[in-house]
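In what follows, a single structure is set out as structure tokens and then discussed.
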Amino acid sequence: MKLSLTPLSFRQVLPSACGILFLGAILSIFQDSWLWFGELGWAAVPCGALLGVAFYLIGFAASCSRWTKTRSMNELLITLNQLFKNFTWPQIVIVSLLAGIGEEWLIRAVLQGFLVESFGPAVGIIGASLIFGLLHFMTKTYVVLTFLLGSLFGIAFYLTNSLFLVMVAHAVYDILAFAMIVKFPHVLGVHSRGAKTPIINA
């Protein structure tokens, strides 16, 4: 089946972002294996920011490689650009912060924490990252990319036990990635002016 995509508005995205944050906050009450700062103390905040920048630079460098310039990757970038092209700078920051905080609270603190305690770190990190990828299902390529990114966040969380670290890293990563796709798509080889809304297979 083919699905035609139309641009999303901030009002459409905000409820789901807030819902994930609320769900993560509630469920984390029943999962107490995590800490706010973990092994890093207050250094978790600047370290998280640096980690988010580092992860994005790695992703950006990989996206510039000839090995990743595939049709599926190009379609994904166009799709993301068209979905979020109407977002303003404040909206980009707000959604990125909500996603970084809410998704890490739910996926890392709650889900990964439970899986690690029950089945060990390998299953915990891979399992939580797989669900993280599936929650971002848009195309198969996007699932794979978010799974890999989730694995990096999962490893960082397991090593430091710092929820603040991965929350900040995730938020910073999303701000950079979101801004690049929406405001500077030409840098990624996406030319949004006059572009037609893409059609993807659902």
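Worth knowing before you read on, the calculation uses all heavy atoms, side chains too, and leaves out hydrogens, waters and symmetry mates. Owing to the predicted nature of the structure, the values given are computational and were not obtained by experimental measurement. Heads up: numbering here begins at 1 and tracks the sequence.
You'll find the side chain of H136 stays beyond 4.5 Å of the side chain of V143, heavy atoms only. Taking 4.5 Å as the limit, some side-chain heavy atom of M73 sits within range of a side-chain heavy atom of L145. S96 has its side chain within reach of I92: a pair of non-hydrogen atoms, C-beta onward, lies under 4.5 Å apart. For the pair L135 and E103, the minimum side-chain heavy-atom distance is 4.5 Å or more. With a 4.5 Å cut-off on side-chain heavy atoms, L23 and L27 count as touching. Side-chain contact check for F147 versus F132: every heavy-atom pair is 4.5 Å or farther apart. Side-chain atoms of Y56 and M180, non-hydrogen and from C-beta on, do get closer than 4.5 Å to each other. No side-chain heavy atom of F60 sits under 4.5 Å from any side-chain heavy atom of L176.
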Can you give me every donor-acceptor pair (side chain of residues 109-118, partner residue at least two apart or in another chain, under 3.5 Å) with its distance?
unit_1 : atom_1 : unit_2 : atom_2 : d
Q112   : NE2    : G154   : O      : 3.0
S118   : OG     : F114   : O      : 2.9

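Of the inter-residue distances, the one linking I101 atom CD1 with L21 atom CG reads 6.0 Å to the nearest 0.5 angstrom. If you take CG on L98 and CG on L14, they are separated by 6.5 Å, rounding to the nearest 0.5 Å. The distance from atom CH2 of W34 to atom CG of N161, rounded to the nearest 0.5 Å, is 10.0 Å. One distance of note links CG of L40 with CZ of F164; it measures 12.5 Å at 0.5 Å rounding. Between Q31 atom CD and L106 atom CG the span is 11.5 Å, to the nearest 0.5 Å. With rounding to the nearest 0.5 angstrom, the CG atom of N86 is 9.0 Å from the CD atom of Q91.
Residues F84 and V93 do not share a hydrophobic cluster, defined by chaining ILVMFWY side chains whose heavy atoms lie under 4.5 Å apart. In the hydrophobic clustering of this structure, I131 does not group with F30; members are Ile, Leu, Val, Met, Phe, Trp, Tyr whose side-chain heavy atoms approach within less than 4.5 Å, directly or through other members. The hydrophobic clustering, which links ILVMFWY residues whose side-chain heavy atoms are closer than 4.5 Å, places L35 and F37 apart. Linking ILVMFWY side-chain heavy atoms closer than 4.5 Å, directly or via other members, places F119 and L130 in two distinct hydrophobic clusters. Linking Ile, Leu, Val, Met, Phe, Trp and Tyr whenever their side-chain heavy atoms come within less than 4.5 Å leaves I155 and V166 in two separate clusters.
When every heavy atom of V168 is checked against every heavy atom of A49, the shortest pair comes out as CG1-N, 3.3 Å. Contact detail for T88 and K183: the closest heavy-atom pair is CA-NZ, 4.1 Å. Between T146 and G133, the shortest heavy-atom contact is OG1-CA, 3.2 Å. L83 approaches M138 most closely through the heavy-atom pair CD1-CE, 3.6 Å. Between P7 and K85, the closest heavy-atom pair is CG-CE, 3.6 Å. Shortest non-hydrogen contact noted between A156 and T160 is O-OG1, 2.8 Å.
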Hey, mind stepping through L80 and F178 against side-chain contact (heavy atoms from CB on, under 4.5 Å) and telling me if it holds? CA-CA 9 Å; L80 291 171; F178 207 168; over 6 Å; no

Run the ring pair (Phe, Tyr, Trp, His ring centres under 6.0 Å) test on Y173 and F55 for me, step by step, so that the C-alpha distance in whole Å, both residues' side-chain angles and the decisive distance to 0.1 Å come before the verdict. CA-CA 7 Å; Y173 178 94; F55 284 172; 7.5 Å; no

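Annotation: salt bridge (Lys or Arg N to Asp or Glu O under 4.0 Å) contacts of R71 (sequence neighbours excluded): E75.
In this structure, I26 shares a hydrophobic cluster with F22, the cluster being traced through Ile, Leu, Val, Met, Phe, Trp and Tyr side chains under 4.5 angstrom apart.
A donor-acceptor pair under 3.5 Å links the side-chain atoms of N81 to the main chain of I181, judged by distance alone.
Cation-pi check for R108 over Y158 is not met; the charged atom does not lie both under 6.0 angstrom from the ring centroid and within 45 degrees of its normal.
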